[in-house]
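Numbering of residues begins at 1 and proceeds along the displayed sequence.
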Amino acid sequence: MSQPASTKRVITALSAANFVIGMGALMVVGLLSPVASDFRIPPAEAGLMMTYYAVGYAILSPLLISLTGQIGRRRILTAALVIFALSNLCALLAPTPTLLFLSRILTATGAGLFTPVAAAVAAGLSPPDRQARALAAVFFGLTLSQVMGVPAGGFIAYTFGWRAAFAMILVLTLPFIVILWRTVPAGLRFQPVSLSDLGRSITNPRDVLALLFTVLFVGSTFVVYTYIAPLLSETMGFGRNGITLILLLFGGGAVVGNLASGIVTDRIGAFRMLIILCVAQICLLPFYSLMPLSLWVLIPVCFGWSTFGWSFNAAQQLRLISMDRDNAGVLLALNAAAIYVGTALGAYVGGRVLNAAGLLSLGVAAALCAAGALVLLLVSEALIRRRRAAL
């Protein structure tokens, strides 16, 4: 079954807008030094831009999705972009570091409303046999922003100043407010959700286990990825060029994984896809504890690690939607929050492991996290099947 041209236009617009959302979230990594220099604060303090965003997103996204469940999706999407645009205007004009950090909470508010609703709209407008592809297409914008967001933000910040980077995001956001208002069908609503639905999800063992799977799976990637530069430098002797090459491979693998995941998931199902991804990560991550490696081994390992790691989004989102279609919006928002929790958890665990056992322990620790994710996946699937059998 093919999708109508109107649905494809909606999905394309949502993906492009997600690209801007992702750039606005991630480019701050490349702004740390210019911001620290301008405000005369330590780089570690400038890093609070990302911390405020991540914490704000994790807390506010599920709450806002629940509170706005009765409002038409077109209004929510455009309102989210208006908030996102205003947040970048506030960052652009921020006279103090504190106000800049607070503007990042406003940025998280817009992004936390937009991305889960965009995923729900794409899945809701698509036939069942193309939902995973639709989700992958919408998430492709975020994936691409990871490849381009950090270098683009850094280049603009070092060339024109860090405020120019926020001005760029502001300018890029504004057209999409109009585009989505004209593209997304008016009056589009799915099953409305509320705070009681949020409470039901966070107290339901099946939902909690499914979301904890996201935390551990994402965390397994960031145990290694957070410290990939010192790992490559100390074990392989890589400098700037070698590390850049590996990061580009990682970004390329993320793009390939995102594009392929929707097609494969539609064919074999979300649960089977996630099993394959967990097993692949369990097999690939220990290679980082065997370094130094030949380049002919390291390159495919890095590319495969990223490809499998970033293939999980479409499958996991489709699985959550199929678990409880009436509460899909809340589950998708909680899943987006779980991604940020997993990112933070992976970085924290990696740091503790690094301090306790050294760089070469990171690969094994990450593989154990992936194995834990596999266990959670199997247990949550058992609960889902038990519930279905009882109905």
Side-chain angles (χ1 to χ4, degrees), residues 14 17-18 20-28 47-91 94 98-121 138-139 141-142 145 149 166 169-170 173 176-177 180 190 192-203 207-208 210-212 214-215 218 313 316-317 320 327-345 347:
L14 292 173
N18 251 344
V20 179
I21 294 282
M23 283 192 68
L26 297 169
M27 72 172 187
V28 295
L48 289 173
M49 287 189 293
M50 196 64 198
T51 304
Y52 273 64
Y53 178 88
V55 173
Y57 195 114
I59 295 173
L60 293 174
S61 180
L63 285 173
L64 292 171
I65 293 297
S66 301
L67 290 170
T68 58
Q70 303 285 343
I71 304 174
R73 301 296 86 183
R74 183 175 71 162
R75 292 185 179 183
I76 292 299
L77 289 169
T78 51
L81 289 180
V82 170
I83 294 170
F84 190 77
L86 287 174
S87 74
N88 282 279
L89 178 62
C90 291
T98 299
L99 291 176
L100 175 60
F101 300 154
L102 291 175
S103 76
R104 296 296 292 168
I105 298 177
L106 193 60
T107 303
T109 301
L113 262 178
F114 184 87
T115 299
V117 172
V121 168
V138 169
F139 203 84
L142 284 176
S145 71
F166 287 108
I169 299 300
L170 171 61
T173 303
F176 285 104
I177 298 173
L180 289 178
F190 302 113
V193 295
S194 64
L195 283 175
S196 62
D197 296 311
L198 174 60
R200 177 159 55 89
S201 287
I202 61 178
T203 56
D207 293 355
V208 170
L211 293 164
L212 284 176
T214 295
V215 172
V218 173
N313 282 292
Q316 174 67 341
Q317 289 182 106
L320 292 172
N327 203 31
V330 168
L331 287 173
L332 290 175
L334 287 169
N335 186 63
I339 290 174
Y340 282 97
V341 173
T343 301
L345 178 66

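- For the residue pair Ala94 and Leu99, the shortest heavy atom distance occurs at CB-C, 4.1 Å.
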Item to check | Evaluation steps, side-chain contact (heavy atoms from CB on, under 4.5 Å), between Ile65 and Leu332 | outcome: CA-CA 9 Å; Ile65 293 297; Leu332 290 175; over 6 Å; no

Item to check | Candidate pair Phe166 and Val28, rule side-chain contact (heavy atoms from CB on, under 4.5 Å), full reasoning | outcome: CA-CA 9 Å; Phe166 287 108; Val28 295; 4.2 Å; yes

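- From Ile83, atom CD1 reaches atom OG1 of Thr173 across 12.5 Å, with rounding to the nearest 0.5 Å.
- Between atom CG of residue Leu64 and atom CG of residue Leu113 there is a gap of 4.5 Å, rounded to the nearest 0.5 Å.
- Tyr52 places none of its side-chain heavy atoms less than 4.5 Å from the side chain of Leu106.
- The ring pair (Phe, Tyr, Trp, His ring centres under 6.0 Å) search around Tyr340 returns Tyr53, Tyr57, not counting sequence neighbours.
- Contact detail for Leu77 and Leu14: the closest heavy-atom pair is CD1-CD2, 3.9 Å.
- Under the 4.5 Å side-chain criterion, counting only non-hydrogen atoms from C-beta, Val138 is not in contact with Val121.
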Checklist entry - Going through the checks in order, is the side-chain contact (heavy atoms from CB on, under 4.5 Å) test met by Phe114 and Val20? => result CA-CA 11 Å; Phe114 184 87; Val20 179; over 6 Å; no

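- Contact detail for Met49 and Arg104: the closest heavy-atom pair is O-NE, 3.4 Å.
- In this structure, Leu81 CG and Ile76 CD1 are separated by 11.5 Å, a value rounded to the nearest 0.5 Å.
- For residues 107-118, the pairs satisfying side chain to side chain donor-acceptor pair (under 3.5 Å) are Asn18-Thr115, Ser87-Thr107, with sequence neighbours left out.
- Here the straight-line distance linking atom CG of Leu212 with atom CG of Leu345 works out to 10.0 Å at 0.5 Å rounding.
- Shortest non-hydrogen contact noted between Ala85 and Leu170 is O-CD1, 3.4 Å.
- One finds the CG atom of Asn335 at 5.0 Å from the CD atom of Gln316 (value rounded to the nearest 0.5 Å).
- Checking side-chain atoms of Asp207 against main-chain N and O of Thr203 turns up no donor-acceptor pair under 3.5 Å.
- Across all non-hydrogen atoms, the minimal contact from Pro62 to Ser66 is O-OG, 2.9 Å.
- Note that OG of Ser61 and CG of Leu334 are 8.0 Å apart. Values are rounded to the nearest 0.5 Å.
- Taking each heavy atom of Ala108 and Gly56 in turn, the nearest pair found is CB-C, 3.8 Å.
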